[in-house]
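No hydrogens, no waters, no symmetry mates; every other heavy atom, side chains included, goes into these values. Predicted model, so just to flag it, every value in this text is computed and none were measured.
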Amino acid sequence: MKKALVVYYSRKGENYMPDGIQVLEKGNTEYAAEHLAKAANADLFEIDTATPYAENYRECCMQAVQEAKANARPQIKGFVEDVSGYDTIFVC
């Protein structure tokens, strides 16, 4: 039996939207990952950083720019213990 996994990272909280910064209960990628998991009858796994990003949208963006310039790889918390049981893995 084929089994699928959807792995995603999504920013909740303050996000930039067409009409300005808004606080979102779920990030856009989380919504997309949930729809994909439902359509593919897949398991769902959320990637989360060990150290949370700033709640403030602009501060978070500055942090992301600094990390990109430094080629940083923030630690994540939690892992999928064994992916060998999955035939397909979607990364969002």
Determine, step by step, whether Thr51 and Gln75 satisfy the side-chain contact (heavy atoms from CB on, under 4.5 Å) criterion, reporting the C-alpha distance in whole Å, the side-chain angles of both residues, the deciding distance to 0.1 Å, and the verdict. CA-CA 7 Å; Thr51 303; Gln75 279 193 303; over 6 Å; no
Distance in Å, Phe45 CZ paired with Asp48 CG, rounded so as to fall on 0.5 Å steps: 9.0 Å
Any donor-acceptor pair under 3.5 Å from Ser10 side chain to Glu30 backbone: yes
side-chain contact (heavy atoms from CB on, under 4.5 Å) between Lys26 and Glu34: does it pass, once the steps are laid out? CA-CA 11 Å; Lys26 291 183 181 185; Glu34 288 174 344; 2.9 Å; yes
Should Met62 and Tyr57 count as side-chain neighbours, where that means a heavy-atom distance under 4.5 Å? no
List the atom of Asp43, the atom of Ala37, and the distance in Å for their closest heavy-atom pair. O-CB, 4.5 Å
Looking only at heavy atoms, which two atoms of Asn56 and Glu14 are closest? And how far apart? CA-OE1, 3.3 Å
Salt bridge (charged side-chain N to carboxylate O under 4.0 Å, His left out) between Lys12 and Glu46, intermediate numbers included: CA-CA 12 Å; Lys12 301 171 179 83; Glu46 180 180 12; 2.5 Å; yes
Donor-acceptor check, side chain of Asn15 to backbone of Gly13, threshold 3.5 angstrom: yes or no? yes
Applying side-chain contact (heavy atoms from CB on, under 4.5 Å) to Tyr8 and Leu44, what does each step give before you reach the verdict? CA-CA 8 Å; Tyr8 72 95; Leu44 195 59; 3.8 Å; yes
Taken in chain and number order and not counting sequence neighbours, the residues that satisfy salt bridge (Lys or Arg N to Asp or Glu O under 4.0 Å) with Glu59 are none
SG (Cys61) and OH (Tyr16) are apart, to the nearest 0.5 Å, by 11.0 Å
Mind checking side chain to side chain contact (heavy atoms under 4.5 Å, CB included) for Ile89 and listing every partner two or more places apart, or none if nothing turns up? Leu5, Val7, Val83, Tyr86, Val91
Taking all heavy atoms of Arg11 and all of Cys60, pick out the closest pair and write down the distance. NH1-SG, 3.4 Å
Can you sort out the partners of Lys38 under salt bridge (Lys or Arg N to Asp or Glu O under 4.0 Å), two or more places apart, ordered by chain and number? none
